[in-house]
Amino acid sequence: MTLKGKTALVTGSTSGIGLGIATALAADGASIVLNGFGDAAAIEATRAGLAARHGVTVRYSPADMTKPSDIAAMIAEAEAEFGAVDILVNNAGIQHVAPIEDFPTEKWDQILAINLSSAFHTIHAALPAMKKKGWGRIINTASAHALIASPYKVAYVAAKHGIAGLTKTVALETATHGITVNAICPGYVWTPLVEKQIPDTAKARGISEEAVKRDVILAAQPTKEFVTVEEVAALALFLCGDAAKAITGAILPIDGGWTAA
Ligand code: NAD
């Protein structure tokens, strides 16, 4: 398979799973638009490194996924340069862990905006050009939490269940346009997002950080192993290929058996 001639925009791709997906798509020949926060010099090093290693054009957009106007501008810029966003990966996400009575309202709003509404805004803006080309791939990084819940993650679980609904609806609306829309649902992947939630989970559950890793995180996954960024990226790459053109509206677990239990 080659994605040469295609352009992929991956939200939240300065780190973790998004960067892994952007890397896999670049390695397959796609031009890339990176997005996300972080140290400016580190982001530029990532951008330039990806372009040099894979011989593709790589741009960076600092658009804030809580801001619909930023999102519209990001898609417009990508379309002005590349014609269309052929592959749209809605991946940006954050987490906050607290019992619902202590859950800050502003965290609820922020998580719903980044983890759910941003995907509505990107799709809303990118779909017309995709439809015009008669080809497109929309991949939403959901989570095992699109299928099941865990305590103390009310906003995250609600947003990820919402992403599943968004995925299925847009899949139905685009099914005859050569566009597929799917959600990838990873179990625990060792990234900064998981690392940062360990102290709060320890506090919410009244246990040590070691116990969180052993008894909360890996206890959930029958394989007792973290899913890797590369495994998630390989699934995203597969969904971009012709062999996956009949896969649409799917909510696909990649979770070491977590949601089978
Ligand atoms: P991460 O913290 O490594 O990456 C998150 C990315 O989102 C970063 O690039 C960050 O800069 C970006 N981001 C955060 N707020 C943003 C904003 N307002 N605007 C633009 N970008 C923003 O985390 P990750 O684990 O790679 O998470 C990526 C996605 O995978 C998330 O949607 C997350 O919910 C999902 N996920 C992660 C796991 C896991 O175990 N790590 C499991 C299932 C699903």
Flag the pair [X] / [Y] as yes when at least one side-chain heavy-atom distance between them is below 4.5 Å, and no otherwise.
X    : Y    : value
L50  : V56  : no
T46  : Y60  : no
V33  : E77  : no
V181 : N140 : yes
M65  : N90  : no
I251 : T167 : yes
I21  : T141 : yes
I71  : S118 : yes

Please name the pair of heavy atoms, one in [X] and one in [Y], separated by the smallest distance, quoted to 0.1 Å.
X    : Y    : value
G241 : R137 : O-NH2, 3.1 Å
A22  : L34  : CB-CD2, 3.8 Å
A171 : T248 : CB-OG1, 3.5 Å
T7   : D86  : N-OD2, 2.8 Å
P222 : A220 : CD-O, 3.4 Å
E79  : A84  : CG-CA, 4.1 Å

Could you see if [X] belongs to whatever hydrophobic cluster contains [Y]? Use Ile, Leu, Val, Met, Phe, Trp, Tyr and a side-chain cutoff under 4.5 Å.
X    : Y    : value
L235 : L147 : no
F82  : I123 : yes
L239 : W135 : yes
V189 : L237 : yes
I198 : L193 : yes

ask   = Which word best sums up how the rings of W258 and Y188 line up, parallel for under 30°, tilted for 30 to 60°, or perpendicular for over 60°?
value = parallel

Counting only N and O atoms by type, is there a donor-acceptor contact under 3.5 Å from the side chain of [X] to the main-chain atoms of [Y]?
X    : Y    : answer
Q221 : I217 : no
N35  : A63  : yes
H145 : H161 : no
D255 : P186 : no
T259 : A144 : no
T57  : S31  : no
D28  : L3   : yes

Interatomic distance, [X] atom [atom1] to [Y] atom [atom2] [nearest 0.5 angstrom]:
X    : Y    : atom1 : atom2 : value
N182 : F238 : CG    : CZ    : 10.5 Å
D200 : E209 : CG    : CD    : 9.5 Å
I163 : N115 : CD1   : CG    : 8.0 Å
T228 : E230 : OG1   : CD    : 5.0 Å
H121 : D70  : NE2   : CG    : 11.0 Å
K107 : Q95  : NZ    : CD    : 10.0 Å

Contact list for residues 37-62, test salt bridge (charged side-chain N to carboxylate O under 4.0 Å, His left out), sequence neighbours left out = E44-R47, R59-E81

message = Evaluate T122 against M74 for side-chain contact (heavy atoms from CB on, under 4.5 Å), listing each step before the verdict.
response = CA-CA 9 Å; T122 58; M74 173 180 76; 4.2 Å; yes

message = Before you tell me yes or no, could you show the steps for T23 and H54 under side-chain contact (heavy atoms from CB on, under 4.5 Å), namely the whole-Å CA-CA distance, both residues' side-chain angles and the distance that decides it to 0.1 Å?
response = CA-CA 9 Å; T23 302; H54 303 296; 4.2 Å; yes

query = Yes or no on side-chain contact (heavy atoms from CB on, under 4.5 Å) for M130 and T174, after CA distance, side-chain angles and deciding distance?
reply = CA-CA 10 Å; M130 261 187 206; T174 57; over 6 Å; no

message = Against S13, only a single residue in I17, V10, T11 fulfils side-chain contact (heavy atoms from CB on, under 4.5 Å); can you say which?
response = V10

Is it the case that more than 12 heavy atoms not belonging to [X] sit under 6.0 Å from its [atom1] atom?
X    : atom1 : value
K133 : NZ    : yes
I100 : CD1   : no
K67  : NZ    : no

query = Looking at Y152, Y156, F103, W108, which one forms a ring pair (Phe, Tyr, Trp, His ring centres under 6.0 Å) with H96?
reply = F103

inquiry  = Before you tell me yes or no, could you show the steps for L9 and I75 under side-chain contact (heavy atoms from CB on, under 4.5 Å), namely the whole-Å CA-CA distance, both residues' side-chain angles and the distance that decides it to 0.1 Å?
reply    = CA-CA 9 Å; L9 184 152; I75 301 290; 4.1 Å; yes

